[in-house]
Amino acid sequence: MKRLGLLPRIILGIALGIIVGMFAPHWFIKIFVTFNELFGNFLGFAIPLIIIGFIAPGIGSMGKGAGRLLGLTAALAYGSTILAGLVAFIAAKSLYPSLLVNQSSKSFENPEEALLKGFFTVEMPPVMGVMTALLIAFTLGVGMAAIKGDVLQKGLEEFKNIIEKLIEKIIIPLLPIHILGIFANMTQGGQVTSIITVFAKVFVMIIILHLFFLIVQYTAAGTIRKQNPFSMIKTMMPAYFTALGTQSSASTIPVTLERTKLNGTRGGIADFSIPLLATIHLSGSTITLVSCSMAVMFIQGQALEFTQIFPFILMLGITMIAAPGVPGGAVMASLGLLETMLGFSPTMTSLMIALYLAQDSFGTACNVTGDGAIASIADRLTGKKQSVS
């Protein structure tokens, strides 16, 4: 089982969940439901720790580096991420009323009434609220960047390593079982057909949006650099397919770096920008998170209002800074925002995780391929005045 990638394990979990939900007795399904409730409570406990572990050292480390180039690259990455979220919002707002018309709130009215409850649950209260964790993370991160301190930075980097291990060794391996339980419960409740239909339609829309946004990014880069954007994209394709296979921006850095230089970006600029962008530029992940969260909201009958989604997009661009290189890191970093800003219940969060992880590799591939465009633009805008040691 461990030799399988995360995506095959997620698909296997969904398939087994449907089979269990169709044929197993309720007492057997409730075993998985009990696990889901325990796992969900543990996830709630971990969310504030994840927020502090990712955001604080990420912001702190951004305060060190090559000054002007750091600021420019970070601004371009954040702008690209926000634009990607807005593109996803416009597409979802325009298409979901017709694309998901048969999965509207009428077919999901009071969905939790049809779901089984576990045999028991264990309360696992978090050490602090999500908003408190966000404020602490921003305070520590900005403070470390301002004073250029190393002691606390190193301590938080080690804390981040602990949280990454928690996600990589405990949360991610258990997610397929969690998803198996979700789909077993939904199958016995008669909801699985609608959910699978949502998965398929949203999946196709997200892939199209990824490709569209890559064309937008490289059209901008090609225009500024007076290069053919499609030729630039073709050069970056090895990075795209490497990320598709590894599901990790960090693992793809050597390939992304090589292909970015082949597109004409100066070596010093590429060497500095690409590793930085691998942690702060998540346009593909943002498209996926916004599209999936709006799909979950739509099928639950919630309004898709710009005034609610736009602040969520703005916060996503910051919250996902330095999300871990493990598969699913972006959605783990965003769970707190989904709960506090979009009002997600545990059931909605579970659906969100399943939707996101089913195409995580495509979001990562969009992220790293877009890194080449951002680095190219930064190279052109800094001209020959900027030198990076």
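Note that these values count all heavy atoms, side chains included, but never hydrogens, waters or copies made by symmetry.
- Formation of a donor-acceptor pair under 3.5 Å by the Arg259 side chain with backbone atoms of Gly372 is not found in this model.
- For the residue pair Asp379 and Arg266, the shortest heavy atom distance occurs at OD1-NE, 2.5 Å.
- With ring centers used as reference points, Phe39 lies under 6.0 Å from His178.
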Mind running side chain to side chain contact (heavy atoms under 4.5 Å, CB included) on Leu342 and Ile309 for me, showing each step along the way? CA-CA 8 Å; Leu342 300 185; Ile309 302 296; 4.0 Å; yes

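- Side-chain N or O atoms of Tyr218 include one that pairs as donor or acceptor with a backbone N or O of Thr369 at under 3.5 Å.
- The closest donor-acceptor contact from the side chain of Ser98 to the backbone of Leu95 lies under 3.5 Å.
- In this structure, Tyr96 contributes its side chain and Ser291 its backbone to a donor-acceptor pair below 3.5 Å.
- Looking at every heavy atom in both residues, Glu37 comes nearest to Thr121 through OE1-CB, 3.8 Å.
- In this structure, Asp371 contributes its side chain and Ile274 its backbone to no donor-acceptor pair below 3.5 Å.
- Val204 and Phe362 fall into different hydrophobic clusters, where Ile, Leu, Val, Met, Phe, Trp and Tyr are joined by side-chain heavy atoms under 4.5 Å apart, directly or via other members.
- A side-chain donor-acceptor contact under 3.5 Å links His210 to the backbone of Gly284.
- Among all heavy-atom pairs drawn from Pro126 and Pro48, the shortest one is CB-CG, 3.8 Å.
- A pairwise comparison of heavy atoms in Ala221 and Ala373 identifies CB-O, 3.9 Å as the closest pair.
- Phe35 is connected to Val122 through a chain of hydrophobic side-chain contacts under 4.5 Å among Ile, Leu, Val, Met, Phe, Trp and Tyr, so both are in one cluster.
- Hydrophobic clustering, with ILVMFWY side chains joined whenever heavy atoms are under 4.5 angstrom apart, keeps Ile52 apart from Val151.
- Under a cut-off of 6.0 angstrom, the local environment of CE in Met237 is crowded, with over 12 non-hydrogen atoms contributed by other residues, nucleotides or ligands.
- To the nearest 0.5 Å, the span separating CZ on Arg380 from CD on Gln227 amounts to 10.0 Å.
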Stepwise side chain to side chain contact (heavy atoms under 4.5 Å, CB included) test for Leu335 and Phe344: CA-CA 9 Å; Leu335 292 181; Phe344 271 39; over 6 Å; no

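- Remark: Met236 CE to Asn263 CG distance equals 6.5 Å, nearest 0.5 Å.
- Ring to ring, Phe89 and Phe306 are close: their centroids are under 6.0 angstrom apart.
- The cluster map of Ile, Leu, Val, Met, Phe, Trp and Tyr, joined by side-chain heavy atoms under 4.5 Å apart, puts Leu262 and Met232 in different clusters.
- We find the NE2-CG distance between His26 and Asn185 to be 9.0 Å, quoted to the nearest 0.5 Å.
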Evaluate the criterion side chain to side chain contact (heavy atoms under 4.5 Å, CB included) for residue pair Ser285 and Leu316; output intermediate values, then yes/no. CA-CA 10 Å; Ser285 296; Leu316 267 184; over 6 Å; no

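- Residues Asn161 and Lys165 have side chains not in contact (no heavy-atom distance under 4.5 Å, counting atoms from C-beta outward).
- Side-chain atoms of Thr223 and Thr219, non-hydrogen and from C-beta on, do get closer than 4.5 Å to each other.
- With values rounded to the nearest 0.5 angstrom, Leu76 atom CG is found 10.5 Å from Thr81 atom OG1.
- Taking every heavy atom of both residues into account, Ile374 and Thr73 meet most closely at CG2-O, 4.4 Å.
- Between Pro57 and Gln153, the closest heavy-atom pair is O-NE2, 3.1 Å.
- At distances below 3.5 Å, not a single donor-acceptor pair connects side-chain atoms of Lys261 with backbone N or O atoms of Ala270.
- A 4.5 Å side-chain heavy-atom check between Leu49 and Val127 finds at least one atom pair inside the cut-off.
- Applying the side-chain contact (heavy atoms from CB on, under 4.5 Å) test between Ser293 and each of Val331, Leu338, Thr288 identifies Leu338 as the sole match.
- The distance from atom SG of Cys292 to atom CZ of Phe203, rounded to the nearest 0.5 Å, is 10.0 Å.
- Between Phe120 and Leu38, the closest side-chain pair of non-hydrogen atoms falls below 4.5 Å.
- In this structure, the separation between CE on Met297 and CE on Met348 is 6.5 Å, given to the nearest 0.5 Å.
- Summarising the local packing, CZ of Phe119 is surrounded by more than 12 heavy atoms from other residues, nucleotides or ligands at distances under 6.0 Å.
- A continuous path of Ile, Leu, Val, Met, Phe, Trp and Tyr side chains, each step under 4.5 Å between heavy atoms, connects Val87 with Ile90, placing both in one hydrophobic cluster.
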Check against side chain to side chain contact (heavy atoms under 4.5 Å, CB included), Leu140 and Leu156: CA-CA 9 Å; Leu140 291 176; Leu156 285 171; 4.2 Å; yes

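- A donor-acceptor pair under 3.5 Å is formed between the side chain of Tyr78 and the backbone N or O of Leu314.
- The side-chain heavy atoms of Ile215 and Pro229, taken from C-beta on, include no pair separated by under 4.5 Å.
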